[in-house]
There are 2 protein chains.
Amino acid sequence: MSLKYIVLGMLRKPHSGYDIKKHFEKSLENFWRAELSQIYPLLGKMQDDGLVTSKAGASDIGPTRRVYKRTAKGGRELVSWLSDGPVVGTERIAYLAQVYFLADLECDSSAIAFMQELRDYMSDWLHSLEATQNEWRSNDPRYPDELPEEDFYAQLTLDMGLNKVRTNVEWCDHAIARIRARERRRSVRIV
Amino acid sequence: MSLKYIVLGMLRKPHSGYDIKKHFEKSLENFWRAELSQIYPLLGKMQDDGLVTSKAGASDIGPTRRVYKRTAKGGRELVSWLSDGPVVGTERIAYLAQVYFLADLECDSSAIAFMQELRDYMSDWLHSLEATQNEWRSNDPRYPDELPEEDFYAQLTLDMGLNKVRTNVEWCDHAIARIRARERRRSVRIV
DNA sequence: GTTTACATGTAATCAGTTACATGATTAC
DNA sequence: GTAATCATGTAACTGATTACATGTAAAC
């Protein structure tokens, strides 16, 4: 149910379906993804519902593009989504479900390998977010608190991502240490 | 794709579809949810695929229950899911998408109200996780690091939840303070 | 010439939600 | 008697993924 509103949000300025996909890849990929095969039919439906209008036009490069604009009705729908308050309690975190059942591996070193892989993923993610932050900071002296509204709120989500992923790395390290400590205590008992 | 494996994980001990739903509500609701209308057909399909077997039996209370058991093949599928490493990059966090577009509210106090509502939700969530932790700690002297394997890993996910939600509350507080500071700077400029 | 990026879409399938239908047992 | 909990399911629909199909233009 959220994708429609996210697309409306992106259409603050006119964009093609392809542009919207690029926008997902550039900025929102950390908390939402969508494929072109979902975006194109959705844009068609949104046009039927009067939330957007479109115009086909030649592109400088490549084939003709269809560019979508948000209508006043579309703008109101977006505002009403935001005004209804945060959409919470719908997240699904598959890797936590895996951690929950890690005992079924019946092998400490496999469990540690799992946690280590998770740690590496989070660590890579952290570095890529830090790179984004550094680039932004060095390209715009207003970063972060003097940015224009739109960029300020986008920056808030980046900040949230940094916090989250940093916490995750630390938690993985801590978890690995605790699994190792259990392993040691067990081997002592056997000896 | 994960639900099948989560159900296999829960079937370490035999359970009915109804039990599985209870298990979701009790322990996994913080990172995965499933409705009975999804669970029942899935159990049927898993039985067709030889991952579980079932037996109908009378219940002490209420109507007859169908109890499912994980087969050896089911156990192997679970282990292979865990061995393939963490399933990452699939999360969708709707409230972050909302924060990203909060500028479209064109009103600081609405944006602050949004963030405040998010903060309250996270704070309530934190308190409920802390309550779970306190209860567990006072009921089992082995908590957390001397718990049996299964409980230890379940505990790890609780620990992760506590970390995450705590970070979220702090981030919301920080974000609200920054939005307020922007607001003040703007009003000074107007005066 | 071949790969990459641009650009738009459809079809089939899978995953998940909401609504509906049924009925037993227990607690108040 | 009536509400809550136990218990199992189906049907219709919405949301999301994977695979397929088509073609242009630029870069190497």
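Proteins come first, then strands; the chains are lettered A, B, ... in the order of their sequence lines, and each starts at number 1.
Among pairs with a residue in residues 109-120 of chain A, those fulfilling salt bridge (Lys or Arg N to Asp or Glu O under 4.0 Å) read A:R119-A:D173, at least two apart in sequence or across chains.
Distance CE (A:M1) to P (D:dC13): 17 Å, rounded to an integer number of Å. Atoms NZ (A:K21) and P (C:dG9) sit 16 Å apart, rounded to a whole Å. Taking atom CG of residue A:L3 and atom P of nucleotide C:dT17, one finds them 16 Å apart after rounding to whole Å. With rounding to whole Å, B:I39 atom CD1 is found 13 Å from C:dA15 atom C1'. Regarding B:Y40, its OH atom lies at a distance of 20 Å from the P atom of C:dA15, rounded to whole Å. Put simply, OH on A:Y18 is 13 Å from P on C:dT4, counting in whole angstrom units. Distance NZ (A:K45) to C1' (D:dG15): 12 Å, rounded to an integer number of Å. Residue B:R66 contributes atom CZ, which lies 11 Å from atom P of D:dT10 at whole-angstrom precision.
Under a 4.5 Å side-chain heavy-atom criterion applied to ILVMFWY residues, the cluster that includes A:Y18 comprises A:L36, A:Y40 as well.
Of all the residues in residues 82-100 of chain A, not one reaches under 4.0 Å from DNA chain D with any non-hydrogen atom. Only at 4.0 angstrom or more do the heavy atoms of residues 25-35 of chain A sit from any atom of DNA chain C, so none qualifies.
For the ring pair (Phe, Tyr, Trp, His ring centres under 6.0 Å) test, residues two or more places apart in sequence or in another chain that qualify with B:Y143 are B:W136. With sequence neighbours excluded, no residue forms a salt bridge (charged side-chain N to carboxylate O under 4.0 Å, His left out) with A:E183. B:R33 pairs by the salt bridge (charged side-chain N to carboxylate O under 4.0 Å, His left out) definition with nothing, not counting sequence neighbours. The salt bridge (charged side-chain N to carboxylate O under 4.0 Å, His left out) test applied to B:D145 returns A:R178, not counting sequence neighbours. Every residue was checked against the ring pair (Phe, Tyr, Trp, His ring centres under 6.0 Å) condition with A:W32, not counting sequence neighbours, and none meets it. For B:W81, the ring pair (Phe, Tyr, Trp, His ring centres under 6.0 Å) criterion is met by B:Y5, not counting sequence neighbours.
One finds a side-chain N or O of A:R65 lying less than 4.0 angstrom from the OP1 or OP2 phosphate oxygen of C:dA7. Taking side-chain N and O atoms only, A:K22 has no distance below 4.0 Å to OP1 or OP2 of C:dA7. Look at A:S16 and you'll find a side-chain N or O under 4.0 angstrom from OP1 or OP2 of C:dT8. Distances shorter than 4.0 Å separate none of the side-chain N or O atoms of B:K4 from OP1 or OP2 on C:dA15.
Between the side chain of B:S37 and the base of C:dT18, a donor-acceptor pair under 3.5 Å is found.
Scanning both residues, A:L43 and A:V52, for their nearest heavy atoms gives O-CG2, 3.9 Å.
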Using a 3.5 Å cut-off and no angle test, enumerate the donor-acceptor pairs between side-chain atoms of residues 83-91 of chain B and protein atoms at least two apart in sequence or in another chain.
{"residue": "B:S83", "atom": "OG", "partner": "B:V79", "partner atom": "O", "Å": "2.7"}
{"residue": "B:E91", "atom": "OE1", "partner": "A:K164", "partner atom": "NZ", "Å": "3.1"}

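The listed nucleotides are C:dA15, D:dT5, D:dT17; the one nearest the side chain of A:Q38 is D:dT17.
Where pairing requires Watson-Crick or G-U contacts shorter than 3.5 Å, the helical stems of DNA chain C with at least three consecutive pairs are C:1-28 with D:1-28.
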**Request:** Evaluate side-chain contact (heavy atoms from CB on, under 4.5 Å) for A:I6 paired with B:Y100, printing each intermediate quantity in order.
**Result:** CA-CA 9 Å; A:I6 295 173; B:Y100 191 92; over 6 Å; no
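Ion pairing between a basic and an acidic side chain is recognised when a charged N comes within 4.0 Å of a carboxylate O; B:R166 and B:E170 show no such pairing.
Mapping A:S2 and B:L36 onto DNA chain D by nearest heavy atom places B:L36 closer to the 5' end of the strand.
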